[in-house]
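To keep things clear, I will list the structure first and then write my remarks on it.
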Amino acid sequence: KAGVTQTPRYLIKTRGQQVTLSCSPISGHRSVSWYQQTPGQGLQFLFEYFSETQRNKGNFPGRFSGRQFSNSRSEMNVSTLELGDSALYLCASSWDPGQTSTDTQYFGPGTRLTVL
Amino acid sequence: AQSVTQPDIHITVSEGASLELRCNYSYGATPYLFWYVQSPGQGLQLLLKYFSGDTLVQGIKGFEAEFKRSQSSFNLRKPSVHWSDAAEYFCAVHPPTISNFGNEKLTFGTGTRLTIIP
């Protein structure tokens with residue numbers, strides 16, 4: 001079974017631009033979560049999508065948004081990029097049985113975003 | 001709010017030596033516990049996890065971890081490290097949600113970077 005895939009792997013943007021990152025979960029997984037990883041702040045949770053709905057959100061400004069499609073693929077968008085948005089953005093998927101929630105998150109390789 | 005502490009930022013061990021990476025958590029109930037490893041420029045790979053039951057958990061690549069409720073710890077161990085184990089290791093917790101709208105996210109520690117010397 002193929003793992004979580006993320007595209008693109010590397011991205012360079014300038015301040016003020018917007019960017020869209022894509023994540024394809026493991027086949028059959030219904031939940032997709034996004035994390036930001038920076039040297040200063042470590043790994044921080046952005047948001048989680050399940051059945052095309054945002055189910056949980058971390059403490060990030062509204063410039064960070066996302067969506068999930070009916071096939072569970074997810075995209076995240078960052079508008080009006082700032083230098084501090086330079087980071088590795090990781091996507092994770094899980095099966096999510098729902099009520100018991102004993103699932104495990106499996107991570108993709110990440111998208112390295114550099115903002116100049 | 002839940003939190004995870006990895007007190008060692010950087011550890012250096014000799015190849016063939018034993019390894020223990022420390023992880024302590026703070027949470028109202030026993031959370032689900034995970035160890036992930038990240039090689040440079042890569043995503044996170046799951047090493048092992050603890051949900052319930054036997055407190056000694058076996059993972060991939062010869063790693064194991066022991067859950068100690070009294071100490072709120074979930075330390076990672078390996079009896080003999082290999083040069084390929086050099087990486088960054090993250091401990092993470094996940095609330096034991098029983099809800100369709102649970103707070104289902106991972107909280108990570110700050111990581112421990114492992115260096116192996118020949």
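Order of the sequence lines sets the chain letters (A, B, ...), proteins ahead of strands, with each chain counted from 1. Only heavy atoms go into these numbers, but all of them, side chains included; no hydrogens, no water, no symmetry mates. A quick note: this is a predicted structure, and the numbers were derived from the prediction, not measured.
- Once rounded to the nearest 0.5 Å, the distance linking OH of A:Tyr106 with OH of B:Tyr36 reads 7.5 Å.
- B:Leu46 touches chain A through its side chain: at least one heavy atom from C-beta onward sits under 4.5 Å away, while N, CA, C and O do not.
- Note: A:Gln44 CD to B:Leu106 CG = 13.5 Å, rounded to the nearest 0.5 Å.
- Taking CD of B:Glu88 as the start and CD of A:Gln37 as the end, the distance is 7.0 Å to the nearest 0.5 Å.
- Transitive grouping of hydrophobic side chains (ILVMFWY, heavy atoms separated by less than 4.5 Å) keeps A:Met76 and A:Tyr35 in distinct clusters.
- Rounded to the nearest 0.5 Å, atoms OH (B:Tyr32) and OG1 (A:Thr104) are 10.0 Å apart.
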Practice item. Evaluate ring-ring contact (aromatic ring centres under 6.0 Å, His included) for B:Phe108 paired with A:Phe45, printing each intermediate quantity in order. Key: CA-CA 9 Å; B:Phe108 286 90; A:Phe45 172 75; over 10 Å; no
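- Both A:Leu81 and A:Tyr89 belong to a common hydrophobic cluster when Ile, Leu, Val, Met, Phe, Trp and Tyr are linked at side-chain heavy-atom distances under 4.5 angstrom.
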Exercise for review: Test A:Leu88 against B:Gln38 for side-chain contact (heavy atoms from CB on, under 4.5 Å), laying out the working first.
Suggested key: CA-CA 12 Å; A:Leu88 181 67; B:Gln38 185 178 37; 3.7 Å; yes
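- Both A:Leu113 and A:Leu83 belong to a single network of hydrophobic side chains, linked directly or stepwise wherever heavy atoms of I, L, V, M, F, W or Y lie under 4.5 Å apart.
- In the hydrophobic clustering of this structure, A:Trp34 does not group with A:Leu43; members are Ile, Leu, Val, Met, Phe, Trp, Tyr whose side-chain heavy atoms approach within less than 4.5 Å, directly or through other members.
- Few gaps surround CG on A:Asn71; more than 12 heavy atoms of other groups in view lie less than 6.0 Å from it.
- B:Phe34 and B:Leu19 are assigned to two separate hydrophobic clusters, defined by single-linkage of ILVMFWY side chains at heavy-atom distances under 4.5 Å.
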